[in-house]
Amino acid sequence: MKSKSRKTTLALLAISLSGAFAFSSATFAWFCLSASNNASITTFSGDLGVSIDKISAYKYVYPYHNNSVEFIDYDGAGQVKSYVIEDTSVETPNNLANKVTFSLGKVTNQTYATSSSDASIGPSKIHYENSQTFKYYLIGDSTFTGVSTNPWSTLSASAFSRRESPVVGEPVSIQNIVISKGAEFILFDANTIDGNNCSYFTYNSPTTSPSGNSRFAVVDSNRLQCLASGIYRFDYRVVDNNFYLDITLTSRSDNAIIGSNLIDPTKITIDYRGAAASAYASLNDYLPYAIHDQKTMVVLDVELTYQNKNPITAGLQINREAIKSHNIYSFTGKYATTNAYTFRGYVDSSHRNELYASDFYAFTSLFAKSENAFATPADAWNSFHATYQTDYETQAGKQHAVPLANPYEKFQNDTSYDMSIDCTLRPKTNSDSTLVPVSANSQTYHCYIAIDYDYERMQFFVNQDRVGKTYLLDRDFGFYFSATEYLEPAPSQNLGGSIYE
């Protein structure tokens with residue numbers, strides 16, 4: 001008897017990629033993620049339930065130069081950081097206000113740690129690195145910092161650039177700070193240090209403007225917890241000798257969460273004309289390696305829990321919006337140079353090129369049981385980043401330990417304009433499969449999605465008439481999860497080998 005199946009496109013708009021990608025060393029580029037408010041669904045038949053429990057994003061972060069919060073050291077040793085976009089274990093109130101104010105108290109004659117190895121480090125006793133010259137810090141746990149090392153330490157803190165004390169009308173401020181959902185943190189004022197003693201703030205119940213539920217909660221009166229991930233501005237201010245901390249959501253129509261490393265076509269061009277020219281036949285041949293070296297890749301980690309009475313096959317689709325009038329393939333020629341419009345770049349919101357993210361990205365993914373998940377964010381990011389030089393498609397690039405076709409997939413625009421692509425879920429290990437078997441208990445899986453610039457499409461920006469300009473890429477695609485439910489015995493599935501082991 002023929003196997004019968006029902007394929008349901010689940011209402012799990014899990015992730016929407018959005019925002020502006022800049023191509024200039026003078027402009028920040030935001031690689032944006034947002035999570036749907038509806039992260040779970042149960043099918044009408046009641047025999048299949050799926051929930052998205054947590055969404056994290058992993059990216060490589062370069063360090064700042066010593067005692068700077070403005071100048072990035074691209075030659076320094078960076079690290080992979082984790083950003084929690086959504087976490088259903090942390091309850092988020094409804095009707096969130098975009099601004100919250102905490103009145104601050106002080107607990108004096110406290111101690112701070114002089115060594116990061118002090119076992120008593122925590123919100124009530126932070127590690128202060130006295131070689132630093134900043135005076136104000138946001139200091140937090142490992143969810144706040146995005147790394148496992150140096151929690152509750154100024155070594156992993158977000159420092160305010162201004163050293164002067166706040167005065168009436170002149171707060172001490174820091175902005176564009178990404179706070180992960182569930183992160184706990186404090187504000188620390190190093191001006192309170194006197195010998196071996198210091199002061200810590202306490203936080204009173206929040207007030208919001210406009211009225212509504214707060215995006216942050218007070219924990220044990222001595223620290224704050226983020227209830228909704230986002231990009232925030234912090235203002236530490238004084239009024240009539242009373243101190244306050246204002247936290248304001250950075251308003252973005254696309255609900256941006258994290259910023260990507262920018263890609264610099266000018267540096268790529270200079271590097272190629274220097275030492276790289278002797279090793280590569282052309283600038284285009286060098287592009288995959290140049291993109292790889294700038295560490296632009298972002299890896300998403302989506303934790304899904306299945307409760308299914310019948311076997312299902314998990315699927316992932318990337319959909320984009322209706323065809324745009326100004327995607328790169330609408331210009332004269334594939335990488336048109338004759339139309340002055342393509343040289344403009346970004347001047348202001350009214351004078352800019354309309355370019356869309358789906359034209360410039362390639363995607364690949366892995367699917368793993370919870371017990372086979374990557375141990376750390378760095379393991380996940382490094383595994384994808386080390387596998388291929390972006391989506392390099394030469395025969396040499398395909399000579400991998402497990403020789404498979406190029407695993408990256410992208411929207412096609414030449415003969416037809418793809419509205420969606422199936423992003424093949426590849427088993428991470430030999431014991432993984434996209435076929436989720438029947439189980440009496442819930443089953444947790446990780447879907448890892450790697451997103452990086454497509455080296456063929458990036459030829460658009462190394463054109464000599466575009467180098468040095470800023471180009472923004474507008475959001476036009478998102479990720480959708482699906483499941484095929486087998487009401488009769490599921491087909492056998494060859495687990496195959498892993499391309500990322």
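Basis for what follows: all heavy atoms, side chains included, without hydrogens, waters or symmetry-related copies. By convention here, the first residue in the shown sequence is residue 1.
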Asks: Taking all heavy atoms of Ser370 and all of His446, pick out the closest pair and write down the distance.
Replies: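 Closest pair (atom of Ser370, atom of His446, distance): CA-CD2, 4.0 Å.
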
Asks: Could you tell me whether Tyr136 and Phe188 have their ring centroids closer than 6.0 angstrom?
Replies: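 Ring-ring flag for Tyr136/Phe188: false, centres at least 6.0 Å apart.
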
Asks: Heavy-atom distance under 4.5 Å between the side chains of Leu366 and Phe384, does that happen here?
Replies: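 Side-chain contact under 4.5 Å: yes.
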
Asks: With the side chain counted from C-beta on, respond yes when Gln294 and Ile268 share a heavy-atom pair under 4.5 Å apart, and no when they do not.
Replies: yes

Asks: Testing Phe144, Tyr232, Phe102 for ring-ring contact (aromatic ring centres under 6.0 Å, His included) with Phe216, which one passes?
Replies: Tyr232

Asks: Could you walk me through whether Ser158 and Ile174 pass side chain to side chain contact (heavy atoms under 4.5 Å, CB included), step by step?
Replies: CA-CA 9 Å; Ser158 296; Ile174 188 173; 4.2 Å; yes

Asks: For Cys447 versus Leu316, what's the shortest heavy-atom pair and its separation?
Replies: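 Scanning both residues completely, I find the closest heavy atoms to be SG-CD2, 4.2 Å.
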
Asks: Apply side chain to side chain contact (heavy atoms under 4.5 Å, CB included) to residues Tyr64 and Asp73 and explain how you reach the verdict.
Replies: CA-CA 5 Å; Tyr64 288 108; Asp73 182 4; over 6 Å; no

Asks: Indicate yes or no: at least one non-hydrogen side-chain atom of Gln79 is less than 4.5 angstrom from one of Tyr60.
Replies: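 When only atoms from C-beta onward are counted, Tyr60 and Gln79 do not touch, as no gap falls below 4.5 Å.
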
Asks: Any Lys/Arg nitrogen of Arg162 or Glu170 sitting under 4.0 Å from an Asp/Glu carboxylate oxygen of the other?
Replies: yes

Asks: Do we see a donor-acceptor contact under 3.5 Å between the side chains of Thr424 and Glu409?
Replies: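 Note: Thr424 and Glu409 side chains meet the donor-acceptor criterion.
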
Asks: Quick one: closest heavy-atom pair of Ser180 and Cys226, and the distance?
Replies: O-CB, 3.4 Å

Asks: Pairing donors with acceptors under 3.5 angstrom, does anything connect the side chains of Asn222 and Asp220?
Replies: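 There is no such pair (donor and acceptor under 3.5 Å, judged by atom type) between the side chains of Asn222 and Asp220.
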
Asks: Just by distance, no angles: are the side chains of Ser131 and Glu129 close enough, under 3.5 Å, to form a donor-acceptor pair?
Replies: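 Yes.
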
Asks: Quick check on Lys267: does its NZ atom have over 12 non-hydrogen neighbours (other residues, nucleotides or ligands) under 6.0 Å away?
Replies: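 Open: at most 12 neighbouring heavy atoms sit under 6.0 Å from NZ of Lys267.
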
Asks: Distance check, rounded to the nearest 0.5 Å: Ile231 atom CD1 versus Leu249 atom CG?
Replies: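 Interatomic distance, Ile231 CD1 to Leu249 CG, rounded to 0.5 Å: 8.0 Å.
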
Asks: Which atoms form the tightest heavy-atom contact between Pro93 and Leu227, and what is the distance?
Replies: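 Pro93 and Leu227 have their closest heavy atoms at CD-CD1, 3.8 Å.
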
Asks: Side-chain contact, heavy-atom cut-off 4.5 Å: Asp452 with Ile291?
Replies: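 A side-chain contact exists here, since the closest heavy-atom pair is under 4.5 Å.
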
Asks: Is the count of non-hydrogen atoms from other residues, nucleotides or ligands lying under 6.0 Å from Asn242 atom CG greater than 12?
Replies: yes

Asks: Where do Ile318 and Phe479 land on the side chain to side chain contact (heavy atoms under 4.5 Å, CB included) test, with the steps shown first?
Replies: CA-CA 5 Å; Ile318 309 173; Phe479 292 98; 3.4 Å; yes

Asks: Are Phe243 and Tyr236 an aromatic pair, judged by ring center distance below 6.0 Å?
Replies: yes

Asks: Would you verify whether the NZ or CZ of Arg457 falls within 45 degrees of the ring axis of Phe360 while also being under 6.0 Å from that six-membered ring's centre?
Replies: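 The answer is no; the distance or angle limit is not met.
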
Asks: Give every residue pair that meets the side-chain hydrogen bond (donor to acceptor under 3.5 Å, both in side chains) criterion with at least one member in residues 101-112, sequence neighbours excluded.
Replies: Thr101-Asp246, Ser103-Asn204

Asks: ring-ring contact (aromatic ring centres under 6.0 Å, His included) with Tyr137: which residues, sequence neighbours excluded?
Replies: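 In terms of ring-ring contact (aromatic ring centres under 6.0 Å, His included), with neighbours along the sequence ignored, Tyr137 is linked to no residue.
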
Asks: Just to verify, which of Thr114, Ile193, Ile139, Leu155 counts as forming a side-chain contact (heavy atoms from CB on, under 4.5 Å) with Tyr128?
Replies: Ile193

Asks: Decide yes or no on ring pair (Phe, Tyr, Trp, His ring centres under 6.0 Å) for Tyr448 and Phe374, but give the supporting numbers first.
Replies: CA-CA 10 Å; Tyr448 299 97; Phe374 288 107; 4.9 Å; yes

Asks: Quick one: pull up CG in Asn319 and CG in Asp422 and give me the separation to the nearest 0.5 Å.
Replies: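 With rounding to 0.5 Å, CG (Asn319) is 9.0 Å from CG (Asp422).
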
Asks: Do Ser358 and Arg320 meet the criterion of a side-chain donor-acceptor pair at a distance under 3.5 Å?
Replies: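 Short answer, yes.
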
Asks: Would you say the side chains of Asp379 and Thr376 form a donor-acceptor pair under 3.5 Å?
Replies: yes

Asks: Does the pair Asp301 and Tyr58 meet the rule for a side chain to side chain donor-acceptor pair (under 3.5 Å), with working shown?
Replies: CA-CA 8 Å; Asp301 178 1; Tyr58 309 142; 2.7 Å; yes

Asks: Got a second to check how far Ser214's OG is from Gln225's CD, nearest 0.5 Å?
Replies: 11.0 Å

Asks: Begin from the C-alpha positions of Ser120 and Asp118 and carry the test side chain to side chain donor-acceptor pair (under 3.5 Å) through to its verdict.
Replies: CA-CA 6 Å; Ser120 62; Asp118 190 322; 2.6 Å; yes

Asks: Partners of Tyr203 by ring-ring contact (aromatic ring centres under 6.0 Å, His included), sequence neighbours excluded?
Replies: none

Asks: Yes or no on side chain to side chain contact (heavy atoms under 4.5 Å, CB included) for Ile179 and Ser229, after CA distance, side-chain angles and deciding distance?
Replies: CA-CA 6 Å; Ile179 309 294; Ser229 57; over 6 Å; no

Asks: Donor-acceptor pair, distance only, cut-off 3.5 Å: does the side chain of Ser383 make one with the backbone of Ala380?
Replies: no

Asks: Run through Thr305, Asp87, Leu304, Val302 and flag the one making a side-chain contact (heavy atoms from CB on, under 4.5 Å) with Asp53.
Replies: Thr305

Asks: Quick one: are Leu224 and Leu245 in side-chain contact, heavy atoms under 4.5 Å?
Replies: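 A side-chain contact exists here, since the closest heavy-atom pair is under 4.5 Å.
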
Asks: By the definition ring-ring contact (aromatic ring centres under 6.0 Å, His included), identify the one residue from Tyr455, Tyr453, Phe411 that meets it with Tyr361.
Replies: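 Between Tyr361 and the candidates, ring-ring contact (aromatic ring centres under 6.0 Å, His included) is satisfied uniquely by Tyr453.
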
Asks: Salt-bridged, Lys369 to Asp432, with N to O below 4.0 Å?
Replies: no

Asks: Looking at Glu86 and Lys54, is there a salt bridge between them, counting it only when a charged N and a carboxylate O are closer than 4.0 Å?
Replies: no

Asks: What pair of heavy atoms forms the shortest contact from Ile121 to Ser116, and how long is it?
Replies: CD1-O, 3.5 Å

Asks: Does a donor on one side chain sit under 3.5 Å from an acceptor on the other, for Ser442 and Gln307?
Replies: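 Result is no, nothing qualifies.
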
Asks: Can you tell me how far the CH2 atom of Trp381 sits from the CE atom of Met297, to the nearest 0.5 Å?
Replies: 7.0 Å

Asks: Between the side chain of His385 and the main-chain N/O of His292, is any donor-acceptor distance below 3.5 Å?
Replies: yes

Asks: Would a 4.5 Å heavy-atom cut-off, applied to side chains only, mark Val219 and Phe185 as touching?
Replies: no

Asks: Run the salt-bridge test on Asp235 and Arg233 with the 4.0 Å N-O cut-off and return the result as yes or no.
Replies: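 A salt bridge links Asp235 with Arg233.
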
Asks: Compare all side-chain heavy atoms of Leu187 with those of Tyr200 and state whether any distance is below 4.5 angstrom.
Replies: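 A side-chain contact is absent here, since even the closest heavy-atom pair is not under 4.5 Å.
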
Asks: Please report the shortest heavy-atom distance between Val90 and Gly182, naming the atom on each side.
Replies: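 Heavy-atom minimum between the residues: CG2-CA, 3.9 Å.
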
Asks: Find out whether Gln443 and Asn308 are in side-chain contact, i.e. whether some heavy atom of one side chain is under 4.5 Å from a heavy atom of the other.
Replies: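 Yes - at least one pair of side-chain heavy atoms lies under 4.5 Å apart.
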
Asks: Lys99 vs Thr208, test: side chain to side chain donor-acceptor pair (under 3.5 Å). Steps then yes/no.
Replies: CA-CA 6 Å; Lys99 182 177 180 181; Thr208 56; over 6 Å; no

Asks: Start with the C-alpha distance between Thr133 and Arg163, add both sets of side-chain angles, then the distance that settles side chain to side chain donor-acceptor pair (under 3.5 Å), and finish with yes or no.
Replies: CA-CA 8 Å; Thr133 62; Arg163 273 74 163 176; 2.7 Å; yes

